[in-house]
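Take a look at the structure set out below.
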Amino acid sequence: MSHFRDDKPGLRTLILGAGGHGRVVLDILLHGGGHNVVGFLDNNPQLQGRRVDGVPVCGTVDEVAEIARAMRIDGVVVAIGDNGVRQGLAREVEGLGIPLLTAVHPSATLAHNATVGRNVVIAAGVVVCAHCQIGDSVILNTGAIVDHQTMVGEAAHICPGVRIAGRVKIESGVFVGIGATVIPKVTLGCESVIGAGAVVIGDVEPLSTVVGVPARAVASTATDDDARALIAPARPREGDRNSLFVATDLT
Ligand SMILES: CC(C)(COP(=O)(O)OP(=O)(O)OC[C@H]1O[C@@H](n2cnc3c(N)ncnc32)[C@H](O)[C@@H]1OP(=O)(O)O)[C@@H](O)C(=O)NCCC(=O)NCCS
């Protein structure tokens, strides 16, 4: 495929995570131009040696340092849907001295004075308005709107079709579910979860889950086992809580 020839111009880029979100990131990078996506890394043994959307899976995430060196990589995008995993992995990659790249779909509209961090993914149709600050490893998913002077903290995920009003403060690791709406000037506490379609009209406590119209707090039934099923390290390292694990399809 001429698309992925080794001598193609552009930044030689690896995508970490070959699941659903990884495929979205690949599409954004191909649309945006300027990137030569040379491969995926993923810890799923079944993906090794195969191609995902035509791009080879070159190895595991644990091998990122060696593979980046051998393939003369210019940078990586960490494409893991889970906020905590994405944040941890991005920090580890940066600690290895590998640049983190940001992927912006050409159909997204960003205010000239908005600031955008590293390892940010901005999908098709996103609108980011004046004076917004978008932190590292944030996902602004398809068609999301972020209005003026809103701050989006590290590794938050703003799902497709979300509408965030002006002067909202979204702390790190927040998950805003598909189609939710947030009125102006509220704060979404760190790692809180906003249910799909919720309308948030007041501050949300850190680590809490809110759903409905207007949004109200609920006790989440998700268990540790559920979380483990979603984030299954293919090659866990004994006693290493910061192992470079990766789930394959979290979004
Ligand atoms: C909010 C959410 C995370 C809750 O998941 P959970 O912790 O497993 O919670 P449960 O399914 O046990 O639901 C708890 C209660 O909230 C209600 N509820 C859950 N999600 C709701 C939603 N989006 N809107 C309204 N009510 C909701 C349930 O009916 C249940 O009510 P009950 O206690 O009266 O029976 C999940 O339902 C959700 O909305 N996820 C969004 C996913 C998404 O947007 N993905 C896009 C990826 S790009």
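Order of appearance sets the numbers: ligands from 1, and atoms from 1 within every ligand. Values in this document were obtained by computation on a predicted structure and should not be read as measured data.
For ligand 1, the atoms closer than 4.0 angstrom to any heavy atom of G177 are 44 (O). Ligand 1 places these atoms under 4.0 Å from at least one heavy atom of P160: 48 (S).
Here V193 has side-chain heavy atoms under 4.0 Å from ligand 1, and that is the only part of it that gets that close.
Among residue pairs with one or both ends in residues 154-165, those qualifying as salt bridge (Lys or Arg N to Asp or Glu O under 4.0 Å) are R91-E154; sequence neighbours excluded.
Ion pairing between a basic and an acidic side chain is recognised when a charged N comes within 4.0 Å of a carboxylate O; D74 and R12 show no such pairing.
Ligand 1 has no nitrogen or oxygen under 3.5 angstrom from a nitrogen or oxygen of I194.
In this structure, F175 and H157 have perpendicular ring planes: the angle between them is above 60°, well past the 30° mark.
Heavy-atom contacts from other residues, nucleotides or ligands closer than 6.0 Å to CD of E66 number more than 12.
Ligand 1 lies less than 4.0 angstrom from a heavy atom belonging to C159.
Annotation: ring-ring contact (aromatic ring centres under 6.0 Å, His included) contacts of H131 (sequence neighbours excluded): none.
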